[in-house]
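Here's the structure, in C-alpha cells; my notes come after.
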Protein chains: 2
Amino acid sequence: MNNDEDTRSPDIDRLIHEPARLKIMAQLYVVESADFIFLMRRTQLTWGNLSSHMSKLETAGYIKVEKEFVDKKPHTILALTEKGKAAFQSYRKVMQQVLDEIPE
Amino acid sequence: MNNDEDTRSPDIDRLIHEPARLKIMAQLYVVESADFIFLMRRTQLTWGNLSSHMSKLETAGYIKVEKEFVDKKPHTILALTEKGKAAFQSYRKVMQQVLDEIPE
DNA sequence: CAAAGTACTTTGTAACACAAAGTATATGAG
DNA sequence: CTCATATACTTTGTGTTACAAAGTACTTTG
C-alpha cells in the first residue's frame, strides 16, 4: 500500500546537533581532554552556557567530567567517553550523508 | 592583549540547521522544485510541521512558494531561491569544516 | 577585613518545534 | 439537498530548550 522508503531518515542526534554542543564535542574529539577555560575560549560560550551544555552531555554519558583542585582553586577537566566518541562519529556520518547528496 | 583567534566560529545558520528544515532544503536543492505532498513523504513531517517550517524558510527568502489550483484543489509548489541555494551551499561548507576536522 | 577575582552553577525568560485542532473547498452517499 | 468524508493545508497550544543574568563558594590582594 505504501512502497515509500519510509526508513530513509537516519535521525540526527539533537544532543550533538546543537551548535554549542557540536563545538564542544568537536573540540574534545580532537584534543582528547580539555579544561573548562580552554573550551570556553574555543567555543566562545559563556560560563553559564558551557556549564549547562556540559551537564547535558554528561547526563547523556557522552563526556566525563573530572573536578580537582589546583592551587586551591577548582579545576574542571572534560573528556569524551567511548560512548561520546561513537556518538560523534555516528553523527558525523549521518550529517555527511545528508549534506553530500541525497540519493535520487 | 588577546591573541586568541576569536573569529574562528563561522556561525551555523540555525534556520537551515534545524533537522526538519535541513531535510526540506536538501530535498529542494536536488529536485529544484517539489510539491507539498512530495516533501511531506520525503521529510516524514506532518502537515503542520511542514507548513510552519515552510513559512519560516519563505520569510527568510530561502524558498519561493507558489500556490495554484489543480482540479479545483489547492496545490503548493516549493522551490529554492538563489538566496536559499547560496545559504544552503554556505551551510554545507561550514558544517563540513566543523565535521571534517578542527584546525589544530 | 573588605573588595575584587576565579571558577563555576542555578534560575528566569523568550524562542521554537511538534502535535492537535481548525479552516476551506470538493466530492460522494442517501 | 444535506451530511459525511476527503484533500490540502494553516493556526493554535504546550512542553522543551538555549542563552543570559544572577547567584554561590571560595581565594587573593590591598
Side-chain angles (χ1 to χ4, degrees), chain A residues 1-2 4 6 9 11-28 33-60 62-79 98, chain B residues 1-2 4 6 9 11-28 33-60 62-79 98:
Chain A
M1 219 162 251
N2 62 340
D4 306 342
D6 58 343
S9 24
D11 67 291
I12 293 164
D13 186 341
R14 274 176 187 275
L15 205 69
I16 300 181
H17 195 57
E18 163 61 31
R21 285 191 296 262
L22 180 55
K23 282 173 197 159
I24 297 173
M25 293 291 283
Q27 285 293 332
L28 289 178
S33 163
D35 64 16
F36 201 97
I37 307 292
F38 175 82
L39 275 179
M40 233 195 73
R41 284 192 20 243
R42 280 313 183 97
T43 58
Q44 303 283 99
L45 295 169
T46 61
W47 295 110
N49 292 342
L50 182 50
S51 181
S52 64
H53 287 308
M54 215 176 76
S55 296
K56 268 167 197 170
L57 290 172
E58 195 186 7
T59 302
Y62 285 179
I63 62 170
K64 196 160 43 75
V65 179
E66 264 168 69
K67 281 161 197 294
E68 54 178 27
F69 281 85
V70 175
D71 296 330
K72 299 188 179 176
K73 284 176 283 186
H75 189 229
T76 304
I77 298 169
L78 314 175
V98 173
Chain B
M1 217 164 250
N2 62 341
D4 306 341
D6 59 343
S9 24
D11 65 294
I12 294 165
D13 186 341
R14 276 176 186 276
L15 205 68
I16 299 181
H17 194 57
E18 162 61 29
R21 285 190 296 261
L22 180 54
K23 282 174 198 158
I24 297 173
M25 293 291 282
Q27 284 294 331
L28 289 178
S33 163
D35 65 15
F36 201 98
I37 307 291
F38 176 83
L39 275 179
M40 233 194 74
R41 284 191 21 242
R42 280 313 183 98
T43 57
Q44 302 283 99
L45 295 169
T46 61
W47 296 109
N49 292 343
L50 182 50
S51 180
S52 63
H53 287 308
M54 214 177 76
S55 295
K56 268 166 198 169
L57 290 172
E58 195 186 6
T59 302
Y62 286 179
I63 62 171
K64 198 160 41 76
V65 180
E66 264 168 68
K67 283 161 196 295
E68 54 177 27
F69 281 85
V70 176
D71 296 329
K72 299 188 177 175
K73 284 177 280 186
H75 189 229
T76 305
I77 297 169
L78 313 175
V98 172

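This one's a predicted model, so the numbers in the text were calculated from it and none came from an experiment. Just so we're on the same page: letters track the sequence lines, and every chain starts at 1.
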Completion exercise
Picking from dT17(D), dT10(D), dC16(C), the nucleotide nearest the side-chain atoms of Lys56(A) would be dT17(D)
Problem - Carboxylate-amine/guanidinium proximity below 4.0 Å for Glu18(B) and Arg14(A) - result: yes
Handout entry: 5′-ward residue of the pair Ile37(B)/Asp71(A) relative to DNA chain D
Key = Ile37(B)
Exercise for the section: Compare side-chain N and O positions of Lys67(B) against OP1 and OP2 of dT10(D) and report whether any pair is under 4.0 Å apart. Expected result: yes
Practice task
Have a look at the helix from dC1(C)-dG30(D) to dG30(C)-dC1(D) and give the angle its two end axes make, five pairs each, rounded to 10 degrees.
Solution key: 30°
Problem - CA sep, side-chain torsions, deciding dist, call: Leu22(A), Ile12(B), side-chain contact (heavy atoms from CB on, under 4.5 Å) - result: CA-CA 10 Å; Leu22(A) 180 55; Ile12(B) 294 165; 4.1 Å; yes
Exercise for the section: Using side-chain contact (heavy atoms from CB on, under 4.5 Å) as the criterion, point out the one residue from Ile24(B), Ile63(B), Leu39(B) that pairs with Met54(B). Expected result: Ile63(B)
Handout entry: Options dT10(D), dC8(C), dC19(D), nucleotide nearest the side-chain atoms of Glu18(A)
Key = dC19(D)
Problem - Closest-nucleotide ordering on DNA chain C, the 5'-leading residue of Arg14(A) and Pro74(A) - result: Pro74(A)
Fill in the blank from the handout: Closest to the side chain of Phe36(A), out of dC8(C), dC9(D), dC19(D), is dC8(C)
Completion exercise
Against the side chain of Thr46(A), the closest entry in dA20(D), dA8(D), dA17(C) is dA20(D)
Problem - side-chain contact (heavy atoms from CB on, under 4.5 Å) between Asp13(A) and Tyr62(A), worked out - result: CA-CA 12 Å; Asp13(A) 186 341; Tyr62(A) 285 179; 2.8 Å; yes
Problem - Toward the 5' end of DNA chain D, by each residue's nearest nucleotide, Asn49(A) or Lys72(A) - result: Asn49(A)
Practice task
Identify, between Lys73(A) and Gly48(A), the residue whose nearest nucleotide on DNA chain C lies closer to the 5' end.
Solution key: Lys73(A)
Handout entry: Presence of His53(B) side-chain N/O under 4.0 Å of dC18(C) phosphate oxygens OP1/OP2
Key = yes
